[in-house]
Each structure stands twice: as structure tokens, then as C-alpha cells.
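Since the model is a prediction, treat every value here as computed from it, not as a measurement.
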Amino acid sequence: MPSFFKSTCFTSDKDQLVHPSEAVKVLQRLRQISNKRVFYCKFADRETKSRKSKSTRQCFSSNNPSLPPHRQCDFSKPEANGTWICEKPEKLPCSAITKCKWYFKGISRVLGFVSEAEKKLFEKPYIEVELEVDPKDRIRVLETELPTPEHLPACTGNTRESGASLGHWSGKVWKSAVCNVRVFTKEDIRQCLANKTVYMQGDSTIRQLSKRL
């Protein structure tokens with residue numbers, strides 16, 4: 001078996017290796033890089049509606065030390081643990097913001113943080129591999145080195161905790177590797193979200209979550 005297949009696989013009706021451990025380490029490293037994606041927001045004077053009263057500025061989902069405070073429009077929501085800072089237009093106030101979008105071609109900037117050898121880890125035959133074995137052969141499953149959830153501290157809900165994204169899915173339930181996750185029933189979710197305003201920031205994964213809710 002190739003060295004890439006040393007990581008634990010997710011199992012269902014068929015054994016499948018979703019990501020090798022080497023690819024997981026690359027994803028973990030990329031998550032720690034701030035402002036790796038390119039976002040832009042439009043600012044416009046709704047009264048004049050002229051081209052001169054419009055401006056497009058780059059925005060950031062993390063603090064940007066290279067942008068002085070007087071040149072920032074800070075739209076962050078501390079209560080939602082969300083950071084959103086835009087470069088301030090020269091002739092328009094921050095309140096003139098209209099809409100924002102992710103610059104898709106900016107994905108090349110993200111790929112710039114990944115070497116050619118690492119990119120191959122996200123291609124066949126290293127990704128989503130069906131593990132075909134002879135029924136007579138034994139499959140040896142390595143023991144996990146992580147503690148069981150019962151021995152972990154309760155999750156606090158602070159997504160900025162170091163390693164908060166580490167874990168795996170099991171039976172449609174997220175099992176964190178760093179804290180004991182509380183599992184909510186549908187009724188718990190209804191009661192929790194009733195009469196609440198929920199802010200969601202992210203990519204297509206967040207869109208799926210919002211539709212599910």
C-alpha cells in the first residue's frame with residue numbers, strides 16, 4: 001500500500017479514503033493563513049447614482065496590518081465572531097457599501113501557497129479512493145491517538161480556539177478532536193434560533209448550512 005494511504009479512512013458500505021493524512025496537513029496549514037482569498041465590495045452614492053460616485057475596494061476577512069486604521073471600514077461583528085474590514089473609498093463614507101463578492105480568479109493566490117507536489121495530493125489516485133481488498137485479507141485499523149470525547153473539555157463555542165476545526169464526522173455527527181461537542185436535537189435547534197438574528201460568513205459550505213437551518 002502506498003505511503004499516502006497511511007491515514008485512517010472513513011467507512012460506509014464501501015471503505016473509502018477521502019483525504020490522505022498528508023493532504024489533511026496541507027489543509028490545516030492553509031487554514032492558518034489569513035486573508036488568502038480575494039474579496040471586493042462596492043460602494044455607491046445612492047442619491048447621485050453617477051459613475052464618479054461609485055468605488056470598488058478590496059476587503060478582508062481577517063485583520064490587515066498593512067492597512068492603516070484611517071483607511072479602514074470596519075464592518076466586523078464581534079458578537080458573531082466575524083471580521084470584515086474593507087479599504088475605505090476616497091470620496092465615499094463606509095455607510096455607502098452596497099454589496100460584496102468573492103473574486104473567483106483569486107483562487108490562484110490560494111494555490112500559490114501550495115507546492116506542485118502537494119497539489120497532487122488532491123488529485124487521483126490520492127483522493128476519494130475506494131479501498132478494494134480481497135475479502136480474505138484482513139484490514140488492520142490503527143488505534144486512534146486522540147482522547148475520547150468523554151475525556152475532553154466541553155466546547156465553548158469560540159471558533160477561534162486553536163485546533164477547533166480538527167475532528168471527523170461519524171453517523172452524521174461532528175466529533176471534535178479538541179473538545180466535547182454538545183449534540184442538539186431538532187427541537188433544541190428550533191428553541192435556540194427562535195426570535196434570533198443569525199449572522200453567517202463563509203463560502204458555499206455556510207450557504208448549505210443556512211439552507212439546512
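Using a 4.5 Å heavy-atom cutoff, the side chains of L193 and V198 are in contact. Counting heavy atoms from C-beta on, the side chains of L27 and F122 come closer than 4.5 Å.
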Validation: residues 200-207 side-chain donor-acceptor distances under 3.5 Å, sequence neighbours left out:
| from | atom 1 | to | atom 2 | distance (Å) |
| --- | --- | --- | --- | --- |
| Q201 | NE2 | T83 | O | 3.3 |
| D203 | OD1 | T205 | N | 3.0 |
| D203 | OD1 | T205 | OG1 | 3.4 |

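Judged as a side chain to side chain contact (heavy atoms under 4.5 Å, CB included), and not counting sequence neighbours, the contacts of E87 are R57, L67, R71. A44 is linked by a side chain to side chain contact (heavy atoms under 4.5 Å, CB included) to K54, T98, counting only residues two or more places apart in sequence or in another chain. Under the side chain to side chain contact (heavy atoms under 4.5 Å, CB included) criterion, S170 pairs with H168, K175, not counting sequence neighbours. Partners of F113 by ring pair (Phe, Tyr, Trp, His ring centres under 6.0 Å), not counting sequence neighbours: none found. Remark: E116 engages K119 in a salt bridge (Lys or Arg N to Asp or Glu O under 4.0 Å) (not counting sequence neighbours). Not a single side chain to side chain contact (heavy atoms under 4.5 Å, CB included) links P78 to another residue, sequence neighbours left out. For S210, there are no side-chain hydrogen bond (donor to acceptor under 3.5 Å, both in side chains) partners, not counting sequence neighbours. In this structure N64 satisfies the side-chain hydrogen bond (donor to acceptor under 3.5 Å, both in side chains) test together with S66, sequence neighbours excluded. Judged as a side-chain hydrogen bond (donor to acceptor under 3.5 Å, both in side chains), and not counting sequence neighbours, the contacts of D74 are S76.
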Show your reasoning for whether side chain to side chain contact (heavy atoms under 4.5 Å, CB included) applies to C192 and F184. CA-CA 10 Å; C192 179; F184 295 88; 5.6 Å; no

Under the criterion side chain to side chain contact (heavy atoms under 4.5 Å, CB included), I'd like the reasoning laid out for K88 against Q72: C-alpha separation, chi angles, the key distance, then a yes or no. CA-CA 5 Å; K88 189 179 185 299; Q72 294 183 11; 6.0 Å; no

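The two residues N63 and N35 make their nearest non-hydrogen contact at O-ND2, 3.4 Å. Listed here is the closest heavy atom pair of P89 and F43: CG-CG, 3.4 Å. For the residue pair V181 and S176, the shortest heavy atom distance occurs at CG2-CB, 3.5 Å.
In this structure, CH2 in W174 is found 10.5 Å from SG in C155, a value given to the nearest 0.5 Å. Taken to the nearest 0.5 Å, the CG atom of L121 stands 11.0 Å off from the NZ atom of K25. Between atom NZ of residue K42 and atom SG of residue C59 there is a gap of 12.5 Å, rounded to the nearest 0.5 Å.
When hydrophobic side chains of Ile, Leu, Val, Met, Phe, Trp and Tyr are connected at separations under 4.5 Å, V183 ends up clustered with V173.
In summary, the aromatic rings of F39 and W84 are positioned with their centroids under 6.0 Å apart.
F75 and I85 are members of different hydrophobic clusters when ILVMFWY side chains are connected at heavy-atom separations under 4.5 Å.
Of the charged side-chain nitrogens involved, at least one lies within less than 4.0 Å of a carboxylate oxygen, so that R29 and E118 count as a salt-bridged pair.
When the SG-SG distance for C94 and C73 is compared with the 2.5 Å cut-off, it comes out below that value. C41 has its SG atom at least 2.5 Å from the SG atom of C86.
Among residue pairs with one or both ends in residues 184-199, those qualifying as salt bridge (Lys or Arg N to Asp or Glu O under 4.0 Å) are E187-R190; sequence neighbours excluded.
Judged by distance alone, with hydrogens and angles left aside, the side-chain atoms of K211 form no donor-acceptor pair with the main-chain N or O of Q208 at under 3.5 Å.
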